[in-house]
Colleague: 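First the structure, which I've put down as structure tokens, then a few questions once you've had a look.
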Amino acid sequence: MNETRVLELPTSAIWLNAAPVSLQDMRGRPLVLAFVNGASVWCMQRLAEVKRWQARNPGRVQLLVVQVPRFEFEREPQHALKLLRRQGVSAPIVLDAQWDAWRRFEVQSWPTLVLLDAYGQETERLVGATGDLERALNTLCEGVTRPLDDDGIRELNAEPRLPLLFPAGLVATADRLYVADTGHHRILECTHAGRVLRQFGLGSADLINGGLGEAAFNRPQGLALVREILYVADTGNHALRSINLISGQVDTLCGNGRAGDPRAGVLAQPWDSPLNHPAAVAVADNQIHIAMAGDNHIWSYDLGSRELRWRAGAGAVEVRDGSGHLAAFAQPSSLVAVQQTLYVCDSLGSAIRSVQLRGDLVQTLVGQGPWESGNVDGPRLRARLQYPLALAMGPDSPLLWIADAGNGTLRTLRLGGGDLSTVNLPRRLHGPAALAVAAGAIWIAEADAHAVLRFDPLSGELSEVPIEG
């Protein structure tokens, strides 16, 4: 692109959480125009890098997020805003629903950071997760000594202050609920009536082991309970954690707090291998299986030998069947382990997959590829999902429950060749991000509404669990 050419946002751009301004109005300060997709973990990790740089260099650069939809539901302003806020994005956001800004700035892929100097001219762009972001931002701000004044773009209408903030993990037992209160960086132990019995995690984003009142998490998501141990996909810390429910002790099993390529093998210490955005966990055969959304792999951690093993997935964002490393996933986000089979919710692939734990054979149950989504019930080859985020299964029924987040619905898939069906609910769900089955009910973490719901499949009643704390 010609560096002397000064571009402007199209009139079709929709400001989601800030008063509309033009790029012309923002002259006088460096600007990072981040073209992202809110459903993409890679995009969110890139934004997190920019946010960390801003924390070290306050007031030196303005970040403007341009949300470009991958799925149909992302064209709706409220859904797009919630999707980004769910990932902790607080910068001003513009929705490019028709891809007009994408074309005007000649963007080719997500994420792309377009760096504009104080005169509105492009100085550099960083495409994908590569490129030296630290150097690029430092160079952009060279010679700019005045920090941003009060006229910088500010976020408006923040999320309401409620007991929960974007909950994205659930476990239910006969008398307990364990909730990953993701936005508040903590795990809650509750009764089925919603009374909070214990809180694990101080509520601040950090990686700290210890007992009640000491430990800390960072945007925890997936949970799995085995006897008295609750395993946690501590997503923001890129770590696998455990909570001893008897003592309250929180420990780190694997991860060092930073995203990176995991290293297979026996780990002498937890920090000997990084993880890359672990989103979900499931336990089978004394192994914790991990849905690694950041590298599109399924990993396993052996609780006895402390060996970390790459089970399946080639790394590319694809829906491809095959054995082990020949197969490919598209951002796995939820897991269910049933005997020797692991069921995988592939969110970007709008797919449900299975992994045979003996031989690691990957097969697709529902889904046609990363660009094929929709809302269609029926036989598996015809059925369509849109950005599903969670799976659950009861102990007594071969029915797989699916949180179809993009469609705001609860779906079921009967194992053994059955059809995909939509459950008749009294209303649309707002960002369902986690499911659990226990005590004759389906428990739903309704992330965008900051709530936990109880659904009775016999009566059809859907009610909110009044969690306070």
Side-chain angles (χ1 to χ4, degrees), residues 169-174 177 222-226 280-289 291 298 300 311-312 319 321 327 329 332-347 349-368 375-386 388-405 407 409-425 429 432-445 453-462:
L170 273 183
V171 161
T173 69
L177 283 178
L223 305 176
L225 178 64
V226 180
V281 289
V283 182
D285 292 339
N286 207 40
Q287 293 186 328
I288 305 174
H289 304 289
I298 304 297
S300 296
R311 299 295 296 256
V319 177
D321 292 348
F329 296 93
S333 61
S334 182
L335 299 175
V336 168
V338 181
Q339 297 177 345
Q340 290 300 313
T341 302
L342 195 65
Y343 294 98
V344 183
C345 184
D346 236 359
S347 59
S350 296
I352 306 301
R353 322 285 299 281
S354 68
V355 182
Q356 300 301 321
L357 294 176
R358 292 175 181 169
D360 296 333
L361 177 65
V362 178
Q363 296 174 297
T364 300
L365 305 183
V366 175
Q368 302 300 316
N375 188 9
V376 180
D377 285 342
R380 298 180 180 198
L381 290 178
R382 189 174 67 87
R384 293 290 187 275
L385 298 157
Q386 183 182 197
L389 283 180
L391 299 175
M393 189 171 174
D396 304 320
S397 171
L399 202 63
L400 198 61
W401 297 84
I402 304 166
D404 191 356
N407 290 314
T409 58
L410 184 64
R411 316 284 290 273
T412 60
L413 181 68
R414 186 164 294 278
L415 301 180
D419 291 355
L420 182 71
S421 302
T422 299
V423 178
N424 184 22
L425 297 178
L429 299 176
L435 298 174
V437 181
I442 313 303
W443 307 86
I444 306 167
L453 307 178
R454 181 187 184 277
F455 173 65
D456 186 332
L458 295 180
S459 68
E461 181 183 0
L462 183 69

Colleague: Indicate the atoms forming the closest heavy-atom contact of Ala438 with Trp443, along with that distance.
Modeller: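 Smallest heavy-atom distance, with atoms named: O-NE1, 3.1 Å.
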Colleague: What's the shortest heavy-atom distance between Ala172 and Leu177, and which atoms?
Modeller: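 Heavy atoms of Ala172 and Leu177 come nearest at CB-CD2, 3.7 Å.
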Colleague: For Leu389, is there any backbone N or O sitting under 3.5 Å from a side-chain donor or acceptor partner on Ser333?
Modeller: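 Answer holds: yes.
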Colleague: If we only count heavy atoms from C-beta on, is the Ile352 to Leu420 side-chain gap below 4.5 Å?
Modeller: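 Ile352 vs Leu420: side chains apart.
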Colleague: Output the distance between atom CD (Gln339) and atom CG (Leu357), rounded to the nearest 0.5 Å.
Modeller: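 These two atoms lie 11.0 Å from each other.
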Colleague: When you look at Thr412 and Val423, which way does the side chain to side chain contact (heavy atoms under 4.5 Å, CB included) test go after all the steps?
Modeller: CA-CA 7 Å; Thr412 60; Val423 178; 3.7 Å; yes
Colleague: Give me the atom names and distance for the closest heavy-atom approach of Arg311 to Ser300.
Modeller: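 Distance-wise, the nearest heavy atoms are CG-OG, 2.9 Å.
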Colleague: Can you confirm whether Thr364 sits close enough to Asp346 that some side-chain heavy atom of one is under 4.5 Å from a side-chain heavy atom of the other?
Modeller: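 The answer is no, as the side chains (C-beta and beyond) never meet within the 4.5 Å cut-off.
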Colleague: Compare every heavy atom of Val376 with every heavy atom of Arg411, then report the nearest pair and how far apart it is.
Modeller: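 Nearest heavy atoms, Arg411 then Val376: NH2-O, 3.1 Å.
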Colleague: Of all heavy-atom pairs between Pro457 and Gly440, which one has the smallest distance, and what is that distance?
Modeller: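 Smallest interatomic distance, heavy atoms only, reads CD-O, 3.5 Å.
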Colleague: For residues Leu391 and Met393, determine if any side-chain heavy atom of one lies less than 4.5 Å from a side-chain heavy atom of the other.
Modeller: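 No, too far: nothing below the 4.5 Å cut-off.
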Colleague: Is a side-chain donor or acceptor of Arg454 paired with a backbone partner of Glu461 at a separation under 3.5 angstrom?
Modeller: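 No, the answer is negative, given that no donor and acceptor are paired below the 3.5 Å cut-off.
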Colleague: Decide side chain to side chain contact (heavy atoms under 4.5 Å, CB included) for Ile298 and Val362; before the verdict, give the C-alpha distance in whole Å, the side-chain angles of both, and the deciding distance to 0.1 Å.
Modeller: CA-CA 11 Å; Ile298 304 297; Val362 178; over 6 Å; no
Colleague: Compare every heavy atom of Ile402 with every heavy atom of Pro388, then report the nearest pair and how far apart it is.
Modeller: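 Answer, listing the atom of Pro388 first, then Ile402: CB-CG2, 4.0 Å.
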Colleague: Is any side-chain heavy atom of Leu365 closer than 4.5 Å to a side-chain heavy atom of Arg380?
Modeller: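 Yes - at least one pair of side-chain heavy atoms lies under 4.5 Å apart.
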Colleague: Measure the CG-NE2 distance between Leu335 and His289 for me, rounded to the nearest 0.5 Å.
Modeller: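 Rounded to the nearest 0.5 Å, the CG-NE2 separation comes out at 8.5 Å.
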Colleague: Can you tell me how far CG of Leu410 sits from CG of Asn424, rounded to the nearest 0.5 angstrom?
Modeller: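 Nearest 0.5 Å value for the CG-CG distance: 11.0 Å.
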Colleague: Test side chain to side chain contact (heavy atoms under 4.5 Å, CB included) on Asn407 and Thr422; report intermediate values, then the result.
Modeller: CA-CA 10 Å; Asn407 290 314; Thr422 299; over 6 Å; no
Colleague: Please tell me if the side chains of Asp404 and Gln386 come closer than 4.5 Å, counting only heavy atoms from C-beta onward.
Modeller: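 With C-beta onward as the side chain, the pair touches.
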Colleague: Can you spot which of Ile444, Leu400, Val336 makes a side-chain contact (heavy atoms from CB on, under 4.5 Å) with Leu435?
Modeller: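 Between Leu435 and the candidates, side-chain contact (heavy atoms from CB on, under 4.5 Å) is satisfied uniquely by Ile444.
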Colleague: Compare all side-chain heavy atoms of Val338 with those of Leu415 and state whether any distance is below 4.5 angstrom.
Modeller: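 No - every pair of side-chain heavy atoms lies 4.5 Å or more apart.
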Colleague: Look at the side chain of Asp360 and the backbone N and O of Ala312, then say whether any donor-acceptor pair between them is shorter than 3.5 Å.
Modeller: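 No, because the side chain of Asp360 does not come within donor-acceptor range (under 3.5 Å) of the backbone of Ala312.
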Colleague: Mind checking whether Val355 and Phe329 have side chains closer than 4.5 Å, heavy atoms only?
Modeller: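 Val355 vs Phe329: side chains touch.
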Colleague: Considering only heavy atoms from C-beta outward, does the side chain of Thr341 approach that of Gln356 to under 4.5 Å?
Modeller: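 Yes, their side chains come closer than 4.5 Å.
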